[in-house]
> 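This is the structure I have questions about; it appears just below.
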Amino acid sequence: MTQQEALFKYTLRLGDNALILSQRLSEWCSNAPFIEEDLALTNFALDMIGRAQVLLRYAGEVEGKEKSEDILAFRRSERQYYNNQIAEQPNGDFACTMVRQLFISAFELYLFTELQKSKDATIAAVAAKTLKEVRYHLAHAEDWIIRLGNGTTESHNRVQQAVNDLWMFTGEQFEMDETDNLLIAEGIAADLHALQPLWSNYIENILSKATIKTPQDAYMQTGSRKGIHTEHLGHLLSDMQYLQRAYPDAIW
Amino acid sequence: METAQSTLPKEEMLLAKFEEKTAAGEAIEPRDWMPEAYRKHLIRQMSQHAHSEVIGMQPEGNWVTRAPSLRARQILLAKIQDEGGHGLYLYSAAETLGITRDEMIQQLHSGKAKYSNIFNYPSLTWADIGAIGWLVDGAAIVNQVSLQRTSYAPYSRAMVRICKEESFHQRQGYEIMATMMKGTAEQREMAQDAMNRWWWPSLMMFGPHDTDSPHSADAFRWKIKRHTNDELRQKFIDKTVQQAELIGLTVPDKDLRWNEAKQGYDYGKIDWEEFNRVINGHGPCNKQRLSHHIRVHNEGAWVREAAEAYKQKQKNN
Ligand SMILES: [Fe+2]
Ligand SMILES: [Fe+2]
């Protein structure tokens, strides 16, 4: 693997995480428990589309095959996406969406804090901008988890259920492969193993404030580093890619 | 606010003063005395307006996950977000008249409050997103620009804020149509088909012909309404026909022609039977839109309850 190949894959991974989660969050449009929340979730989706745009454009440049961000976003097949599986998990109920956001945003807080120092100027710039957004996403999710955990019996149970269900997707966020190792040596990527204990502490603290039990189950799903996903991704892509695939010659 | 027990002469005096004020074109603020009929008229109109913004998110939301480019998805999401924001301003403006958002939502669900009939039509292809922005927001702007000078101040202020964003929506919708008309044969066909389906319902957005809407006398005297349905409809047609021609779209009206004398277009007969049928519940999406709103509202109940329960617990601690 060359550095260029590694950087391409790494940038795709960062871009896909934003792209796929933004797709999920935008499914909340006109489906949230009240309008203010509809607007908040749409706002997060917009932040992430912006991030995906910059990162996928950059991935296209790194690859050097003249692929635009839209070609990369809409014309790849299932096995060519590198987002963490947690990003593609269905919205479920509101508790599930907030738990997913908590797990992802807490990870991103530590990730982008590190990536601000990246020797790759584009990644460092994206990280600095993203960090501001992520802090807001995280505060929002945290606030809801604490409120729902301490709200009613029903809301408490729903959060606990969501935490239990999504737990097995959290470990993958910290997996590293050849791509990471090569780029860490160049000062471009973050050492994810070093972030994991920070993340665990953070999450345990929030969950305990929410009176929610942190699962002790160590089994973790894996695969996205190799483009292996859950069945949900294919359906998400058929929606997302429909027009680009049906009318390949069209410009929109 | 005066109560029913007030003596008649005082009530009459207040009414005379109110009529004088509105006749002079002065704005009415929430703290000002107003006749019950004025308050009722505004609650009905403003809550209908708020509900329209919110229900209108559904046909557009229908294409959010299928928008064909990252930029298109961004523009569409931001637009829908604006509409939700419009709903919020309007609910708060209506709340100054002594009704809560919850009550307004209950009235929507019971069928007592309406929303714009246009959203009872389906958004079938991506071109519909262009047509909605261009035609539906375009028609809404004509109406809302006129409402910027409506007599009830919170409503008028909401309209000023809203109009700025609406003109963006209209331009962005037109841009979608223009891009498709420059595109492949399939794209042009899709755009023309959307035009054919949305044109007439857009004209109906302005309501019945002036000769058939005799109940608006109060609304005019009190300066809630400042232009008639037909005046506004004509304004919309005149600006839109030219935009259609510019990008090669055909207006689906064989009777449409320029009238030199009135310096405006003459247009064909609007199918008021269809209008009445849809308004009375038999449109393609009436059931779907309302049951969606009810379902989402009910599914979100546990979240609202939990937030309330948490607030109470914090208070007690
Ligand atoms: Fe609006
Ligand atoms: Fe609009």
> With a 4.5 angstrom heavy-atom cut-off, which part of A:Leu236 approaches chain B: side chain, backbone, both or neither?
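Neither part; nothing is under 4.5 Å.
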> Tell me, side chain or backbone of B:Met190 under 4.5 Å from chain A's heavy atoms, or both, or neither?
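For B:Met190, side-chain heavy atoms alone lie under 4.5 Å from chain A.
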> Does any heavy atom of chain A fall under 4.5 Å from the side chain of B:Ala72, the backbone, both, or neither of them?
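For B:Ala72, there is no contact with chain A at all, as no heavy atom is under 4.5 Å.
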> Measure distances from A:Ala73 to the heavy atoms of chain B and classify the residue's part below 4.5 Å as side chain, backbone, both or neither.
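The side chain, not the backbone.
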> Any donor-acceptor pairs between chain B and chain A, under 3.5 Å? If so, list them.
residue	atom	partner	partner atom	Å
A:Ser22	OG	B:Arg73	NH1	3.1
A:Gln23	OE1	B:Arg73	NE	3.4
A:Gln23	OE1	B:Arg73	NH1	3.1
A:Gln23	OE1	B:Arg73	NH2	3.2
A:Gln23	NE2	B:Thr65	O	2.8
A:Ser30	O	B:His292	NE2	2.9
A:Asn31	OD1	B:His292	NE2	3.2
A:Pro33	O	B:Arg304	NH1	2.8
A:Glu36	OE1	B:Arg101	NH1	3.2
A:Glu36	OE1	B:Arg101	NH2	3.4
A:Glu36	OE2	B:Arg101	NH2	2.4
A:Leu39	O	B:Gln81	NE2	3.1
A:Asn43	OD1	B:Gln81	NE2	3.3
A:Gln53	OE1	B:Gln74	NE2	3.3
A:Asp70	OD1	B:Leu70	N	3.0
A:Asn150	O	B:Lys313	NZ	2.7
A:Gly151	O	B:Lys313	NZ	2.8
A:Asp239	OD2	B:Thr65	OG1	3.0
A:Gln244	NE2	B:Pro68	O	2.7
A:Ile251	O	B:Gln187	NE2	2.9

> I want to check something: taking the side chain as every heavy atom from C-beta on, are A:Leu12 and A:Glu63 in contact at a cut-off of under 4.5 Å?
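They are not in contact (no side-chain heavy atoms under 4.5 Å apart), so the answer is no.
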> Go through the steps for B:Leu70 and A:Leu19 under the test side chain to side chain contact (heavy atoms under 4.5 Å, CB included), then give the verdict.
CA-CA 9 Å; B:Leu70 293 175; A:Leu19 176 73; 3.6 Å; yes
> Do A:Tyr10 and A:Val62 have side-chain heavy atoms sitting under 4.5 Å apart?
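No, side chains not in contact.
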> A:Leu7 versus A:Ile123: any side-chain heavy-atom pair under 4.5 Å?
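Yes, at least one pair of side-chain atoms sits under 4.5 Å.
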> Hey, does A:Asn84 have a side-chain heavy atom less than 4.5 Å from the side chain of A:Phe107?
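In contact.
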> Which residues satisfy the side chain to side chain donor-acceptor pair (under 3.5 Å) test with A:Ser224, sequence neighbours excluded?
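Residues passing side chain to side chain donor-acceptor pair (under 3.5 Å) with A:Ser224: A:Glu172.
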> Would you call A:Leu111 and A:Val134 a side-chain contact if the rule is heavy atoms closer than 4.5 Å?
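Of all side-chain heavy-atom pairs linking A:Val134 with A:Leu111, none is under 4.5 Å.
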> Hey, does A:Leu14 have a side-chain heavy atom less than 4.5 Å from the side chain of A:Leu115?
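A side-chain contact under 4.5 Å exists here.
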> Going through the checks in order, is the side chain to side chain contact (heavy atoms under 4.5 Å, CB included) test met by A:Leu41 and A:Phe94?
CA-CA 11 Å; A:Leu41 292 169; A:Phe94 185 70; 4.3 Å; yes
> Could you check which of B:Gly84, B:Gly183, B:Ala301, B:Gly61 has the highest count of heavy-atom pairs closer than 4.5 Å to chain A?
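Result: the option with the highest number of such pairs is B:Gly84.
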> Measure distances from A:Ala95 to the heavy atoms of chain B and classify the residue's part below 4.5 Å as side chain, backbone, both or neither.
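It is both, since atoms from each part get that close.
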> If we define contacts as heavy-atom pairs under 4.5 Å, which of A:Leu148, A:Ile49, A:Ile146 has the most with chain B?
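Looking at each option in turn, the highest pair count goes to A:Ile49.
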